[in-house]
Amino acid sequence: MGETKKAQNPFLFYTKLDLVETLGKKAKNLQELLEFLRKAPASSVYYHTHRYLRQHHFLSPEPPNDFAYWVRGMLGDRVLAERLFSMDILDFKNIEELRTALVEIIETHLTANPEYGNRSVPPGYEFHFAKSITFVLPLGFETRTLEEFLKALQRISTHSIYFHMFDSRLRLGRGENDFSLWLKTELEEYGLATKISNLDPYTNTMEGLKQKMCLLIGKELHG
Amino acid sequence: MARLIDYEPFVGKSTIEELSLLAGHLRGKVMQHINATAVGGGVAEILNWLVPLFRDLGIDARWDVIKGNEKFFVITKKIHNMLHGRKEELTKEDIEYYEEVGDFNLREMNFAGDFMFIHDPQPLTLVKKKAEMGRKWVWRCHIDSTLAEPSLWNYLAGYVKDYDAAIFSTTAFSKDLPIRQVIISPSIDPLSDKNKELEEAFIDRILERFQIDKNRPIVTQISRFDYQKDPLGVIKVYRLVKKRIDCQLVLAGGGATDDPEGQKILEMVREESRDDPDIHVLLLPPASDKEINALQRASSVVLQKSLREGFGLTVAEALWKERPVVASATGGIPLQVVHNYTGLLSHTIEGTAGFVKQLLQNPEYAKRLGSNGREHIRQNFLVTRHIRDYLLLMLSLEREGDFIYL
């Protein structure tokens with residue numbers, strides 16, 4: 001092995017915690033869902049597409065996003081539910097792109113099946129809109145080498161993984177997860193960065209994701 | 001009295017550290033809770049553990065109780081029932097008296113909180129103090145008010161809108177209000193008698209005491225004998241299962257003696273089960289937490305076949321014990337039971353029976369649901385999550401935006 005590469009700018013580990021706030025609005029049919037989705041705050045689109053991951057990140061395969069879950073479970077529209085469920089969120093660089101795609105899927109479905117627009121669920125089964133208020137906290141440690149980075153990764157909570165993998169990419173619009181970004185720009189670990197970028201955080205559990213990343217880095221370090 | 005550190009074996013070091021980090025931003029702040037009673041009832045139960053844990057985090061948490069006489073509490077009981085959607089006669093005089101007692105407490109009480117947490121409708125009108133003292137005021141509604149009588153809700157909303165925020169247990173309970181509405185689910189305490197680990201021998205003794213056969217499957221529902229919990233429907237479920245599987249049914253709960261309706265239901269349940277020695281109807285006295293714990297742990301399947309449910313924490317209790325659960329998709333239950341992942345959600349008697357059979361015949365499947373269930377509760381419904389949500393709420397009241405760097 002050559003000389004250990006040292007980053008000029010260290011990787012600063014953060015964690016995040018969410019508070020859920022309801023928006024006091026509900027939809028009883030697709031038309032109402034669509035109307036609200038068009039103007040909902042970004043933190044609401046994020047909440048409904050990531051809540052399951054946050055609450056059920058120990059499960060695999062991951063249950064779908066709230067929209068898909070409601071459309072299938074409450075509205076009973078399996079085709080649309082499948083389309084919403086199978087969206088590849090990794091394709092989107094930010095929440096606005098994700099919102100546009102969600103709206104398009106529902107609009108297209110409604111154009112083909114206009115009768116679904118006003119098919120309503122009984123009272124008590126409505127879709128309730130909520131949003132996340134996200135608090136970001138520094139964990140108070142930083143790393144400069146790949147070795148230090150691996151050690152830190154093994155130690156951090158799933159909330160921290162969650163922040164660096166999801167929030168930074170989609171909500172802060174960095175376009176890529178923090179880990180890959182740092183490995184690339186600071187350590188010039190392009191191959192490793194791409195491998196981590198290609199891990200699908202939406203079909204892995206958070207713990208599984210963490211283990212895969214550790215494995216990849218371990219391999220890079222020790223062959 | 002439990003300390004935060006005692007929860008570390010359940011939730012891990014990082015969770016406890018996160019709580020300390022958050023609390024560090026609130027050190028020295030006074031958090032004052034006001035409710036209607038110091039003993040009995042779910043709210044007092046919550047405050048009993050919540051207040052000391054906040055103190056453990058270095059926050060000056062206080063708890064005060066309003067004063068009221070019988071007449072006042074009869075009125076607030078009516079208000080409570082009407083929020084649940086029950087028909088009651090609430091007169092203009094009742095409202096006047098409700099406000100009068102509120103004003104009396106306004107004069108008598110010491111308001112010291114940087115954050116004032118007012119629980120349920122009894123002390124709701126205390127928010128009048130906000131105009132004079134400022135600070136942050138939060139109304140914590142523990143009640144499922146989805147079917148609230150509209151004129152009553154409109155009246156109460158006149159006070160609720162003066163708060164800075166309201167807390168509801170699920171999004172489904174929230175209202176169209178001009179203030180922030182935060183969702184904080186209730187939680188269970190893994191260290192309490194109802195949820196702590198029990199020795200096998202103790203569980204066996206309890207089964208023996210109630211003459212339950214530990215060698216045959218046990219299907220259990222723990223709940224008050226209340227129409228909304230549908231105990232008669234549970235017996236029907238059991239009979240459908242019993243046709244194919246030799247099982248026993250345990251219906252255990254308490255609190256029927258002071259409730260005439262509950263007494264009636266209990267009699268109906270007893271009548272319905274009289275001829276079947278495999279149905280165990282257990283009216284448990286208060287302070288039977290360890291017995292309930294043992295019954296849940298001994299169960300092959302736990303049911304919560306409620307017609308209507310508040311949050312339904314008995315479900316969380318069963319999941320925490322890794323029991324496979326079949327429960328109705330009502331109230332807060334779908335938050336706890338994600339169909340096919342952490343349990344099974346049902347809508348009918350036949351469906352419930354079908355699921356119970358499925359679980360009894362497939363122990364591996366039942367085990368997987370149970371173990372997912374425990375993990376779900378560990379992540380989302382333990383007291384530490386409850387504490388965290390309160391901390392985040394206080395922090396958010398002093399900051400702007402949906403993305404907050406601390």
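Under a cut-off of 6.0 angstrom, the local environment of CZ in B/Arg374 is crowded, with over 12 non-hydrogen atoms contributed by other residues, nucleotides or ligands. No more than 12 heavy atoms of other residues, nucleotides or ligands sit less than 6.0 Å from atom OH of B/Tyr227. Summarising the local packing, NZ of A/Lys212 is surrounded by 12 or fewer heavy atoms from other residues, nucleotides or ligands at distances under 6.0 Å. A 6.0 Å sphere centred on CD of A/Gln8 holds no more than 12 heavy atoms belonging to other residues, nucleotides or ligands. Around the CD atom of A/Glu82, the shell of radius 6.0 Å holds no more than 12 heavy atoms that belong to other residues, nucleotides or ligands. Annotation for B/Lys321: atom NZ counts as buried by contact number, over 12 foreign heavy atoms lying within 6.0 Å. Counted within 6.0 Å of CZ on A/Arg119, heavy atoms from surrounding residues, nucleotides or ligands total more than 12; the atom is thus considered enclosed.
Residue with the most contacts toward chain A among B/Gly12, B/Ala172, B/Ser14, B/Ser174: B/Ala172 (heavy-atom pairs, distance under 4.5 Å). Comparing B/Leu393, B/Thr146, B/Leu177 by how many heavy-atom pairs each has under 4.5 Å with chain A, the most go to B/Leu393. Looking only at heavy-atom pairs under 4.5 Å with chain A, the residue among B/Thr330, B/Ile167, B/Val182, B/Ile184 that has the most is B/Val182.
Atom-to-atom distance recorded for B/Leu406:CG and A/Tyr14:OH is 11.5 Å, nearest 0.5 angstrom. Distance check, rounded to the nearest 0.5 Å: CG of A/Leu17 to OG1 of B/Thr15 gives 9.0 Å. For the atom pair NE2 of A/His128 and OG1 of B/Thr170, the computed distance is 7.0 Å after rounding to the nearest 0.5 Å. Expressed to the nearest 0.5 Å, how far NE2 of B/His339 lies from OH of A/Tyr69 amounts to 8.0 Å. We find the CG-CG distance between B/Leu391 and A/Leu19 to be 10.5 Å, quoted to the nearest 0.5 Å.
The minimum heavy-atom distance between A/Phe135 and B/Ser396, with the atom names listed, is CZ-CB, 3.6 Å. The two atoms that bring B/Gln181 and A/Glu21 nearest to each other are O-CG, 3.1 Å, heavy atoms only. A/Arg171 and B/Asp402 make their closest contact through NH2-O, 3.9 Å (heavy atoms, listed as atom of the first residue, atom of the second, distance).
Of the two parts of A/Ile156, neither the backbone nor the side chain holds a non-hydrogen atom closer than 4.5 Å to a non-hydrogen atom of chain B. Of the two parts of A/Arg155, neither the backbone nor the side chain holds a non-hydrogen atom closer than 4.5 Å to a non-hydrogen atom of chain B. For A/Pro123, no part lies near chain B; criterion is any non-hydrogen pair under 4.5 Å. For B/Leu395, the parts sitting under 4.5 Å from any heavy atom of chain A are the backbone and the side chain alike. Using a 4.5 Å cut-off between heavy atoms, A/Tyr125 contacts chain B through its side chain alone, with no backbone atom that close. For B/Ala165, no part lies under 4.5 angstrom from a heavy atom of chain A.
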One pair to check against side-chain contact (heavy atoms from CB on, under 4.5 Å): A/Ile133 and B/Arg180. What are the steps and the verdict?
CA-CA 12 Å; A/Ile133 297 184; B/Arg180 291 180 53 198; 3.5 Å; yes
Report the C-alpha separation of B/Asp176 and A/Lys25 in whole Å, then their side-chain angles, then the decisive distance to 0.1 Å, and conclude whether the side-chain contact (heavy atoms from CB on, under 4.5 Å) test is met.
CA-CA 7 Å; B/Asp176 202 355; A/Lys25 302 279 176 227; 3.8 Å; yes
Could you please spell out the steps behind the side-chain contact (heavy atoms from CB on, under 4.5 Å) verdict for B/Phe403 and A/Ser43?
CA-CA 9 Å; B/Phe403 219 93; A/Ser43 49; over 6 Å; no
